[in-house]
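Presented below is the structure to which this report refers.
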Amino acid sequence: MNISYTTPYEHPMLNTKKDVDSRNALDVMENAGALFEVHYPAATWKASPYYPTILSGKNEGLPLYKWVVRTDTDEPLGLHSGTFAESGSYRQVGEMAEKMFPNSATSCTLFGKGERMALTQDIGEKIDLGDGDVIQPSIMWISSFNGQWSTGVFDLIGRLFCANQLVGQTPLFSVKHTRNHDVTFEQRTSVLVQTIERAEQIGRMAKIMKDQPLVDREFEALIKKVVPVPPFIKDQDGKNTDRIHAKAEKNMIANRKAMTTMWQKECAEFGLVYSRVKPSGEEYEVFDGNKWLAYNAVQGAEQHQISTDFMTTEQAQQKSLIKAVNGRTPYADRTWNILVNAN
């Protein structure tokens, strides 16, 4: 479970340029370079111009395999079976998005050479959690030419303070690669209702968690549960020693530190920061907040640092977004379960 920054064109994982005035989905996609076309040449055998075909059945004579290739750059984006349903562009996704929620697109990202694409739209009214903490119901359309993502729509909850990203675990609905992509009233209503309901559910839970204090030492205990000590190295007899692998220990320390840094940022904005003095006379800061801030601290650290391998490149940020869409956010999920089950 994750949360998203909603200021248009400012999301660190989405590469739409800021000079886009239109919120039309196709305009936003065009600015991100996502409206290129593709074709599907047969996959030939070695240097031969001939290609193997399907030998029987209703698809007899079709290529056994085919590439999907950009027509503008001639770059291959994927290799599929000969019966793979063809779609000539991501334009279909933009058309569906615009029909469903006109002039609401906020960002579009193109992954790699165009193998995958994600488009976001804001829908519904913002939900004020108090103290300037606001969330925005949104949706994210995804699609791919490499077969990694089916075309589908996920609900997305945006938080204005940070660049976290709360992506639904399952798509609201999926769309096959066909020419018929009319959006029905029932589909639009279903997406709207499900997204708003989930945003309101998260909002209610956030308000409950905001009312439950969490002090500095409790957050330290929390992240020790979320990022536990790695397994001990076994000796030649298969028994545990008192040592752990140096790399695993290094990762544990780095991950916990990233979470602590985000916790301090959250508390500085919405919690309480005060100074104390050690018996030695050294002054230090204490950060106290609540469970909602604790969750966002862990989730933010996982999304922006841990899942990017602590890199800030566009490729690393896209890698993190792919993990979020694929539901690979173990630290955030573990934190949410610990905090909610403790209520």
Side-chain angles (χ1 to χ4, degrees), residues 2-6 8-9 11-17 20 22-38 68 77-78 85 87-112 114-124 136-158 165-196 198-199 317-318 320-327:
N2 309 303
I3 297 180
S4 157
Y5 195 67
T6 58
Y9 323 121
H11 198 293
M13 293 183 184
L14 299 171
N15 59 7
T16 307
K17 298 176 182 177
V20 184
S22 173
R23 295 189 68 183
N24 179 284
L26 293 174
D27 291 341
V28 173
M29 291 176 68
E30 183 175 17
N31 187 267
L35 294 184
F36 59 87
E37 295 184 351
V38 299
V68 54
L77 303 180
S87 175
S89 171
Y90 289 129
R91 178 178 292 274
Q92 166 187 339
V93 179
E95 290 174 348
M96 286 190 292
E98 191 60 25
K99 287 180 181 179
M100 188 169 284
F101 299 106
N103 297 314
S104 61
T106 52
S107 294
C108 177
T109 194
L110 202 62
F111 297 82
E115 292 89 345
R116 308 189 218 201
M117 185 278 301
L119 171 72
T120 61
Q121 293 175 290
D122 283 349
I123 61 175
Q136 167 74 59
S138 307
I139 58 175
M140 178 167 60
W141 297 76
I142 64 169
S143 190
S144 71
F145 282 121
N146 64 3
Q148 295 298 306
W149 286 346
S150 298
T151 301
V153 185
F154 287 79
D155 61 286
L156 187 72
I157 308 300
Q165 192 165 41
L166 197 124
V167 182
Q169 296 299 302
T170 56
L172 302 177
F173 75 86
S174 297
V175 183
K176 292 184 178 180
H177 282 194
T178 65
R179 293 183 178 180
N180 181 17
H181 51 269
D182 291 336
V183 177
T184 67
F185 175 79
E186 290 76 15
Q187 285 176 318
R188 183 187 188 281
T189 301
S190 176
V191 169
L192 181 61
V193 169
Q194 290 183 73
T195 301
I196 299 303
R198 185 157 184 266
Q317 293 166 354
Q318 291 182 358
S320 178
L321 181 55
I322 290 172
K323 287 183 178 180
V325 172
N326 292 342

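It should be emphasised that the depicted structure is a prediction, and the values quoted were computed from it without experimental measurement.
The only member of Asp27, Leu110, Leu26 that meets side chain to side chain contact (heavy atoms under 4.5 Å, CB included) when paired with Leu35 is Leu26.
Put simply, the side chain of Arg23 gets close to the backbone of Ser104: a donor and an acceptor are under 3.5 Å apart. At least one donor-acceptor pair under 3.5 Å links the side chain of Gln121 to the backbone N or O of Phe101. No donor-acceptor distance shorter than 3.5 angstrom exists from the side chain of Glu95 to the backbone of Ala25, with no hydrogens or angles considered.
The shortest side-chain heavy-atom distance between Met29 and Trp141 does not fall under the 4.5 Å cut-off. Between Ile139 and Leu156, the closest side-chain pair of non-hydrogen atoms is not below 4.5 Å. Side-chain contact between Thr120 and Ser138 is absent, with no heavy-atom pair separated by less than 4.5 Å.
Atom OG of Ser22 and atom CG of Asn31 lie 10.0 Å apart (nearest 0.5 Å). Here the CD-CZ distance, from Gln317 to Phe111, works out to 11.0 Å after rounding to the nearest 0.5 Å. Taken to the nearest 0.5 Å, the CG atom of Asp155 stands 10.0 Å off from the CD1 atom of Ile196. Distance check, rounded to the nearest 0.5 Å: CG of Leu321 to CE of Met140 gives 5.5 Å. In this structure, Leu192 CG and Ile123 CD1 are separated by 5.0 Å, a value rounded to the nearest 0.5 Å. Here CD1 of Ile322 is found 8.5 Å from CD of Gln148. Values are rounded to the nearest 0.5 Å.
Aromatic ring pairs are classed by plane angle as parallel below 30°, tilted from 30° to 60° and perpendicular above 60°; the pair Phe36 and Tyr90 is perpendicular.
Annotation for Gln136 and Gly124: closest pair NE2-O, 3.1 Å, computed over non-hydrogen atoms. Pairing each heavy atom of Leu119 with each of Cys108, the nearest pair is CD1-CB, 4.1 Å. Closest of all the heavy-atom pairs between Val38 and Ser87 is CG2-O, 3.3 Å. The two residues Thr151 and Ser143 come nearest to each other via the heavy atoms OG1-OG, 2.7 Å.
Heavy-atom contacts from other residues, nucleotides or ligands closer than 6.0 Å to CD of Glu30 number 12 or fewer.
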**Report entry** side-chain contact (heavy atoms from CB on, under 4.5 Å) evaluation trace for Ile142 with Arg116
**Finding:** CA-CA 7 Å; Ile142 64 169; Arg116 308 189 218 201; over 6 Å; no
